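Worksheet for the structure shown next.
All values below come from the heavy atoms of this structure, side chains included, with hydrogens, waters and symmetry mates left out. Since we're looking at a predicted model, the values are computed, not measured.
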Amino acid sequence: MKNALITLIACTTLAACSSSSNTPITSSNLQDITIPFSAVAGDTAITCDATLTPVGSAAGSASILNFKFYVHNVILNGDDGNDYAVSLTDSDWQDEGVALLDFNDLSTDPDPCGGAIRETNTELTGTVNADADVSFEGITFSIGVPSDLNHIDISTFRDGSVLNIISMYWAWQSGHKHMRLDVDPLEGALANWNFHLGTTGCSGGSETEPELVTCLRSNIPTISLDTYRQGSDSIEFDYAQLVADTDITTTSAPASGCMSGPTDTTDCNEVFLKLGLDHSTGNAHASTMQSAFSVQ
């Protein structure tokens, strides 16, 4: 019952669960879609064994501890002038229309990088309701977990769901960590510099009435890449761009790095800007475009 209710809510709050065109949904006009992602720091691919350098405004070095983020509300722009919502296929990496991109190639959650080789996820898979002759140039997607799913007790999601990962979760009221990017700076005294993007300023509701939760700052970036061509391009996230104007060799109270807190301006302001967000409001910044994601 919960899953059906969530699907209904999602389909009414998003632009469409199929597309903005009037094409009837049949098996003959469902296109299979795969959208590849990569994560780098400059010219270095994000892996557990990699040394990222230079990173941050102090041009330091770092190794990876944890590197994951959620994606939802994926829209492809058709060459027929219509926008098409990608229906993400349920899998080990996708559930309830939300995907987890996970670049930790060693160990298992919730442990940081180290130990045995483990599976990663670097792509989105799904379908669009579009005629076969429609091609796509341009993509929009949101980072994080949508509000109608964000404030549900994660134990109610199925075992193995990407929405039921305790290390990607704060609490039912504040919800999930939309992004978790933890690194170990190799210079300075810090053991880690963490970026946990999540919704803040939440109040009200309960575990049985999560729909009554209200939050001051959603902190969900919307990424638009007009030049993306489906079937030939990939989407790259560059950690070096994210922290280009932030010193990850030091930190200010109250957290080691940026935990999205509204008073943590020193560590959060610039990384939020790189995602196109205004840290003070949690909404899109009026004059700054995101620079952390690009088309490859």
Is the gap between the ring centers of Tyr70 and His178 under 6.0 Å? no
Determine which pairs satisfy ring pair (Phe, Tyr, Trp, His ring centres under 6.0 Å) with at least one residue from residues 199-235, sequence neighbours left out, and list them in order. none
Residue pairs passing the disulfide (SG to SG under 2.5 Å) test with at least one member in residues 225-267, sequence neighbours excluded, are Cys258-Cys268
Contact check, side chains of Leu124 and Val71, non-hydrogen atoms, under 4.5 Å: yes
Phe293 with Val40, same ILVMFWY side-chain cluster at under 4.5 Å: no
With sequence neighbours excluded, residues passing salt bridge (Lys or Arg N to Asp or Glu O under 4.0 Å) with Asp102: Arg118
Go through the structure and list residues passing side chain to side chain donor-acceptor pair (under 3.5 Å) with Asn164, not counting sequence neighbours. none
For residues 212-221, which residue pairs pass the side chain to side chain donor-acceptor pair (under 3.5 Å) check, not counting sequence neighbours? Thr200-Arg217
Contact between Tyr239 and Ile248 at the side-chain level, heavy atoms closer than 4.5 Å - yes or no? yes
Please list, chain by chain and in numerical order, all residues satisfying side chain to side chain donor-acceptor pair (under 3.5 Å) with Thr47, sequence neighbours excluded. none
Among the clusters formed by ILVMFWY side chains lying less than 4.5 Å apart, do Leu242 and Val295 turn up in the same one? yes
If we ignore hydrogens and angles and just use 3.5 Å, is the side chain of Asp83 paired with the main-chain N or O of Gly78 as donor and acceptor? no
Do any N or O atoms from the side chain of Gln31 and from the backbone of Val134 form a donor-acceptor pair under 3.5 angstrom? yes
Should Met259 and Phe272 be regarded as members of a common hydrophobic cluster, given that ILVMFWY residues are connected when their side-chain heavy atoms come within less than 4.5 Å of each other, either directly or indirectly? no
Going by distance alone, is a donor N or O of one side chain under 3.5 Å from an acceptor N or O of the other, for Ser224 and Thr140? yes
Sorted by chain and residue number, the side chain to side chain donor-acceptor pair (under 3.5 Å) partners of Asn269 (sequence neighbours excluded) come out as His279
Aromatic rings Phe237 and Phe67: how do their planes relate, parallel, tilted or perpendicular, breaks at 30° and 60°? tilted
Under a 3.5 Å cutoff, is there a donor and acceptor pairing between the side chains of Thr208 and Ser206? yes
For a 4.5 angstrom cut-off between non-hydrogen side-chain atoms, does Lys68 reach Met179? no
Is there a continuous path of hydrophobic side-chain contacts, each under 4.5 Å between heavy atoms, that joins Phe103 to Val55? yes
I want to check something: taking the side chain as every heavy atom from C-beta on, are Ile35 and Ile139 in contact at a cut-off of under 4.5 Å? yes
Would the number of heavy atoms belonging to other residues, nucleotides or ligands and lying under 6.0 Å from CG of Asp92 be above 12? no
Closer than 3.5 angstrom, by distance alone: can the side chain of Gln230 be matched with the main-chain N or O of Thr34 as a donor-acceptor pair? yes
Contacts of type salt bridge (Lys or Arg N to Asp or Glu O under 4.0 Å), residue Glu236, not counting sequence neighbours: none
Identify, with sequence neighbours excluded, every residue that meets side-chain contact (heavy atoms from CB on, under 4.5 Å) alongside Glu119. Trp93
Quick one: ring pair (Phe, Tyr, Trp, His ring centres under 6.0 Å) pairs with a partner in residues 30-62, sequence neighbours left out? Phe37-Phe141
Scan for disulfide (SG to SG under 2.5 Å) pairs involving residues 39-94, sequence neighbours excluded, and state none if there are none. Cys48-Cys113
Donor-acceptor pair, distance only, cut-off 3.5 Å: does the side chain of Ser260 make one with the backbone of Gly198? yes
Would Val271 and Ile220 show up in the same hydrophobic cluster when neighbours are defined by side-chain heavy atoms closer than 4.5 Å? no
Do Leu197 and Leu275 have side-chain heavy atoms sitting under 4.5 Å apart? yes
Looking at every non-hydrogen atom in both residues, tell me the closest pair between Leu88 and Gly97 and how far apart they are. CD1-O, 3.4 Å
Output all residues satisfying side chain to side chain donor-acceptor pair (under 3.5 Å) with Ser256, sequence neighbours left out; order by chain, then residue number. Asn192
